[in-house]
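Each chain gets a letter, A, B and so on, in the order its sequence line appears, and its residues count up from 1.
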Protein chains: 2
Amino acid sequence: MTTVRQGRSGPAELLCEGCSLHGACLSRSLPLEELEAFDAIIDRPRPLKRGEALVRQGQPFTSLFVVRSGSLKQVIDVDGRYDQVVHFYLPSETEGLDAIGEARCPATVLALERTFVCELPFAHLERLATRLPSLRGALYRCMGRELRGDQRQVCLLSGRTAEQRLAGFLLGLSERFHARGCSRYRFHLAMSRADIGSHLGLALETVSRVMGRFQRQGLVAMAGREVTLRSLEGLTVIAEDGPR
Amino acid sequence: MTTVRQGRSGPAELLCEGCSLHGACLSRSLPLEELEAFDAIIDRPRPLKRGEALVRQGQPFTSLFVVRSGSLKQVIDVDGRYDQVVHFYLPSETEGLDAIGEARCPATVLALERTFVCELPFAHLERLATRLPSLRGALYRCMGRELRGDQRQVCLLSGRTAEQRLAGFLLGLSERFHARGCSRYRFHLAMSRADIGSHLGLALETVSRVMGRFQRQGLVAMAGREVTLRSLEGLTVIAEDGPR
DNA sequence: CGGCACGTTGATAGGGATCAACGAAGGTGG
DNA sequence: CCACCTTCGTTGATCCCTATCAACGTGCCG
């Protein structure tokens, strides 16, 4: 992967301090005097086009990536016979944590739409962490959060109906968008039905059908890929109790 | 949880250097001169009885635990309506990584049999990591490995048949036992059918039936909870291609 | 305009959940 | 030492959820 690196002396919105996502990303807990050093190791590659790969499975691991805008999907090639969507990454979320400690990336990461990322070369990050205790803590916390996210995903997948999974998925997205300062009720689904299906262990047709059911029940409204959650309570009941 | 702490001056097998699992656990990559400092922060509580809790969901997070012998299951209480088995921990594996960055433990951990653990108070560990670069690296790598394990679990759960899941589960255990120096073919299943079912998103009856099928096909042999894998190749084919 | 990716909807079949009964093993108390 | 109970595993019968195959509509892009 060849990336066009931009100069260090970009405009303010290209620095963490002026970034709208500062406060949600890895740099959150860094004190101001450390932020500068953190900023200095960040690369900001050119934006990814829809469908373009950020990293490819098997390729050497070098960097973490934080989504600045747009979104990503992480896909594992399972024995060369099909693709499994493991994660979606929304703005402020960090991709690549699962590759730490491995020489090679365990999965491919693709852009779901036009996507800007910040690149954090891991070697630099680690060196910096030697000096900055708060950065170390931030990294641990970030990985811990990722682990809890995976646990949640396992619970979603394990022995739940299609309705429970989809409701849980929508509520999870809602929470994540809300945490980064967006609406809890209305957001853009950049991923296809097939992507959602793979991620939830469902056939894409089932995703479509259940989505339709939710709309008819007045739980959600959809315009294209723009979703509006009309009843968080209703969805929560379904996610917990199961359909009906 | 009150634990009986043992003195610092125990026999050699209670130190990392003399431990049979050194080389598999967190302490693996520490140079000898750092090992001593690492050893100094470890507690070794009294062994857990079968069914006893090591930590309980919601309880303040204080420590990581490394399994020395025996095994653990990590269980999440889902909305108070049922329990979801998220992880099993075998000797040399580290429990508690998913709680890092949280004040409270996200799940309950129970002993599946008589189990000895090493307790690593996280505050001490973090302080020590300030001095020891290799310990920092070891922690990152450990968490990265955990993340990849969870990914694997998600792939196992997502849209696979009962046979594929169980075959994948057995092969995963085989690998983990082998990595710690035990037989790849023969090991003890400390968990019940219900535990396995919950972990794999299957009803316990299904686990029992598929196990029976595997036995009739000569893929595995069982004597009580002692399992022998008779054909890793056969199981691999099933895990990958699906039944038949 | 034609091709393609994507989403929707219908019909069908099958895998696994569920309910139920039963046997084996281990712990307990008399 | 044996009767009792509880936990665990096995096996059978039934039903339902969802995968699968299929057809069709839509919007987008070359």
Side-chain angles (χ1 to χ4, degrees), chain A residues 49-52 73 81-85 110-114 156-167 169 188-216 220-227 238 241-244, chain B residues 49-52 73 81-85 110-114 156-167 169 188-216 220-227 238 241-244:
Chain A
K49 283 184 297 229
R50 174 183 157 80
E52 199 179 348
K73 67 173 172 182
R81 56 183 68 245
Y82 68 96
D83 284 348
Q84 172 66 50
V85 175
L110 301 170
L112 290 171
E113 55 195 317
R114 182 152 214 261
L156 209 61
L157 286 173
S158 186
R160 317 204 70 160
T161 66
E163 313 222 341
Q164 289 178 299
R165 295 186 203 191
L166 198 55
F169 174 68
H188 183 72
L189 277 189
M191 60 291 280
S192 69
R193 302 291 187 244
D195 288 335
I196 298 173
S198 170
H199 187 236
L200 296 180
L202 300 171
L204 65 91
E205 294 93 331
T206 305
V207 175
S208 185
R209 273 186 255 268
V210 175
M211 276 292 202
R213 227 173 294 162
F214 282 175
Q215 286 182 69
R216 262 170 269 127
V220 310
M222 300 207 56
R225 285 185 169 179
E226 211 65 27
V227 194
I238 288 184
D241 297 19
R244 186 165 13 278
Chain B
K49 284 184 296 230
R50 173 184 158 79
E52 199 179 349
K73 66 173 172 181
R81 58 184 66 245
Y82 67 96
D83 283 349
Q84 172 66 50
V85 175
L110 301 169
L112 289 170
E113 55 196 315
R114 183 153 213 261
L156 209 62
L157 286 173
S158 185
R160 318 205 67 159
T161 66
E163 313 220 340
Q164 290 178 298
R165 296 185 202 190
L166 198 56
F169 174 69
H188 183 72
L189 277 189
M191 60 291 280
S192 71
R193 301 290 187 246
D195 288 335
I196 297 174
S198 170
H199 185 55
L200 297 178
L202 300 171
L204 66 91
E205 293 94 331
T206 305
V207 175
S208 184
R209 273 186 255 268
V210 175
M211 276 291 204
R213 227 173 295 163
F214 283 175
Q215 286 182 71
R216 262 170 269 127
V220 310
M222 301 207 55
R225 287 186 167 179
E226 211 66 25
V227 193
I238 288 186
D241 297 19
R244 184 162 18 276

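Using a 4.0 Å heavy-atom distance criterion, B:Arg225 is classed as a sugar-phosphate-only contact. Counting non-hydrogen atoms under 4.0 angstrom, A:Leu202 reaches the backbone sugars and phosphates but no base. Residue A:Ser192 is in sugar-phosphate contact alone, with no base atom involved, counting any heavy-atom pair closer than 4.0 Å across all strands shown. Within the 4.0 angstrom heavy-atom criterion, only backbone atoms of the sugar-phosphate kind lie near A:Gly201; the bases stay farther away. No engagement by A:Arg213 is indicated, since no non-hydrogen atom pair under 4.0 Å with the nucleic acid exists.
Separating the CG atom of B:Leu200 from the C1' atom of C:dA17 is a distance of 15 Å, rounded to the nearest angstrom. The interatomic distance linking A:Glu163 (CD) with D:dC16 (P) rounds to 16 Å, in whole Å. Atom CZ in B:Arg193 sits about 13 Å away from atom C1' in D:dT11, given to the nearest Å. In this structure, B:Met222 places its CE atom 17 Å from P of C:dA24, rounding to the nearest Å. Taking atom CE of residue B:Met211 and atom P of nucleotide C:dG16, one finds them 15 Å apart after rounding to whole Å. Here C:dC6 presents its P atom at 15 Å from CG of A:Leu189, a figure rounded to the nearest Å. Following rounding to the nearest Å, B:Arg160 (CZ) and C:dG15 (P) show an atom-to-atom distance of 16 Å. Look at CG on B:Leu166: it is 15 Å from C1' on C:dG15, rounded to the nearest Å.
Residue A:Glu205 places a side-chain atom within donor-acceptor reach of the base of D:dC21, judged by atom type and a 3.5 Å distance cut-off alone.
In the set C:dG16, D:dG9, D:dT18, D:dT18 carries the atom at the smallest distance from any side-chain atom of A:Thr161. When the nucleotides D:dT11, C:dG16, D:dT10 are ranked by their closest atom to the side chain of B:Ala162, C:dG16 comes out on top. Set against C:dG7, D:dT11, D:dC8, the side chain of B:Ser208 has D:dT11 as its closest nucleotide.
Two residues are said to be in side-chain contact when any heavy atoms from C-beta on lie closer than 4.5 Å; A:Ile196 and A:Leu166 meet this criterion. Between B:Val210 and B:Leu202, every side-chain heavy-atom pair lies at or beyond the 4.5 Å cut-off.
When each of A:Asp83, A:Leu110, A:Leu204, A:Leu112 is checked for a side-chain contact (heavy atoms from CB on, under 4.5 Å) with A:Asp195, only A:Leu112 meets the rule.
Taking 4.0 angstrom as the limit, A:Thr206 places none of its side-chain polar atoms (N or O) nearer than this to OP1 or OP2 of D:dT18. The side chain of A:Arg50 contributes an N or O atom lying less than 4.0 Å from OP1 or OP2 of C:dC6. Look at B:Arg209 and you won't find any side-chain N or O under 4.0 angstrom from OP1 or OP2 of C:dG16.
Atoms CZ and OG1, on A:Arg213 and A:Thr206 in that order, are 8.5 Å from each other to the nearest 0.5 Å.
The number of heavy-atom neighbours closer than 6.0 Å to CZ of B:Arg50, taken from other residues, nucleotides and ligands shown, is 12 or below.
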